[in-house]
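The figures here come from the full heavy-atom set of this structure, side chains too, leaving out hydrogens, waters and symmetry mates.
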Amino acid sequence: EQSALRIPLSFENDSVIENAQLNLLASISSIIISFSFFKPLKTTFWFSPTYDMCSKFGDIVKYDSRKKQVVYDKISLVKIISDKQWTVLFFYPRDFSSLCPTEIHSFNRRFKDFEKANAVLIGCSTDSRNSHKAWMEKPRTKGGIDKLSYSLLADPSLKISSSYGVLENDAGLALRGTFIIDDEGNLRSLSINPPYIGRSIDEIVRTLQALQSGQVCPAGWRPGRKTL
């Protein structure tokens with residue numbers, strides 16, 4: 001029997017708010033318990049509802065290939081879910097840093113794999129949208145990240161990072177959290193690295209593919225290989 005805790009689509013209803021008060025530790029415990037069944041499960045988690053994570057996901061910056069310029073826009077998790085798409089949301093500490101671009105460009109190189117998996121890829125930091133835009137407009141040779149195939153979400157209020165449990169309060173920065181949300185709004189996978197350790201984007205893609213397979217996938221599994 002599959003277990004599922006839903007990502008809240010709205011926090012306007014009091015009963016929804018009350019049901020959402022599970023902390024991250026309890027969420028991680030439910031993962032460990034669920035894995036003991038040795039079969040594929042839909043295990044998802046609630047986070048503290050300090051921010052409406054869907055109806056107004058936030059302001060984004062993206063490269064518009066038609067206009068050939070970096071533009072401002074908005075993004076809504078409700079819209080992504082209504083379009084029956086998955087979401088891969090990753091947090092990183094800061095624009096104009098040295099380590100973050102290694103991840104951002106690695107994500108960009110695997111963009112077609114996320115696209116093939118019908119997943120919307122979104123990067124997020126506590127920087128402003130103006131900072132994102134300036135960073136994306138600057139060439140890589142001059143400390144920028146140049147054009148990306150996916151959007152960067154701005155979180156200067158710290159509300160999104162706080163809601164997802166990745167905010168480093170003293171520094172006002174996000175940890176390197178990665179969240180995979182399915183097309184029904186269920187959080188299917190999470191991982192959090194400290195600011196000084198970069199992620200394996202290959203493993204994130206593999207995890208996404210394994211989740212979508214609906215099978216029990218052994219270590220090192222890749223699409224086309226045998227499942228258990």
Just wondering, do [Y] and [X] contact through their side chains at under 4.5 Å, heavy atoms?
X      : Y      : answer
Leu190 : Tyr164 : no
Ser213 : Pro223 : no
Tyr150 : Asn108 : yes
Tyr72  : Val61  : yes
Asp59  : Lys74  : yes
Ile75  : Ile80  : yes
Glu203 : Thr207 : yes
Arg176 : Cys100 : yes

Quick one: do the His132 and Asp95 side chains pair a donor with an acceptor below 3.5 Å?
yes
When you compare the side chains of Thr178 and Arg199, does any donor N or O come within less than 3.5 Å of an acceptor on the partner?
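Result is yes, a qualifying pair exists.
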Who passes side-chain contact (heavy atoms from CB on, under 4.5 Å) against Ser106, sequence neighbours left out?
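For Ser106, the residues satisfying side-chain contact (heavy atoms from CB on, under 4.5 Å) (neighbours in sequence not counted) are Arg109, Ile201.
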Can you sort out the partners of Ser151 under side-chain contact (heavy atoms from CB on, under 4.5 Å), two or more places apart, ordered by chain and number?
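Here the qualifying residues are Ile60, Lys62.
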For the [atom1] atom of [X] and the [atom2] atom of [Y], what is their distance to the nearest 0.5 Å?
X      : Y      : atom1 : atom2 : result
Arg188 : Phe179 : CZ    : CZ    : 15.5 Å
Ser191 : Ile180 : OG    : CD1   : 7.5 Å
Asp183 : Asn118 : CG    : CG    : 7.5 Å

hydrophobic_cluster_shared for [Y] and [X], side chain cutoff 4.5 Å:
X      : Y      : answer
Ile160 : Leu173 : no
Ile181 : Ile192 : yes
Val216 : Trp221 : no

Between Phe90 and Ile204, is a side chain to side chain contact (heavy atoms under 4.5 Å, CB included) present by the stated rule, with each step listed?
CA-CA 10 Å; Phe90 73 92; Ile204 294 170; 5.8 Å; no
Scan for salt bridge (charged side-chain N to carboxylate O under 4.0 Å, His left out) pairs involving residues 137-152, sequence neighbours excluded, and state none if there are none.
Lys133-Glu137
Parallel under 30°, tilted from 30 to 60°, perpendicular over 60°: which one fits the rings of Tyr92 and Trp135?
tilted
Over 60° means perpendicular and under 30° means parallel, so classify the ring planes of Phe114 and Phe107, tilted if in between.
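Plane angle between 30° and 60°, so tilted.
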Would you name the heavy atoms of Ser189 and Leu211 that are closest together and state the gap between them?
CB-CD1, 3.9 Å
Assess the residue pair Arg206 and Asp202 against the criterion (side chain to side chain contact (heavy atoms under 4.5 Å, CB included)); give the C-alpha distance rounded to whole Å, side-chain angles, the decisive distance to 0.1 Å, and a yes or no.
CA-CA 6 Å; Arg206 191 191 78 88; Asp202 292 342; over 6 Å; no
Walk me through whether Asp155 and Lys159 qualify under salt bridge (Lys or Arg N to Asp or Glu O under 4.0 Å).
CA-CA 7 Å; Asp155 181 31; Lys159 291 181 179 179; over 6 Å; no
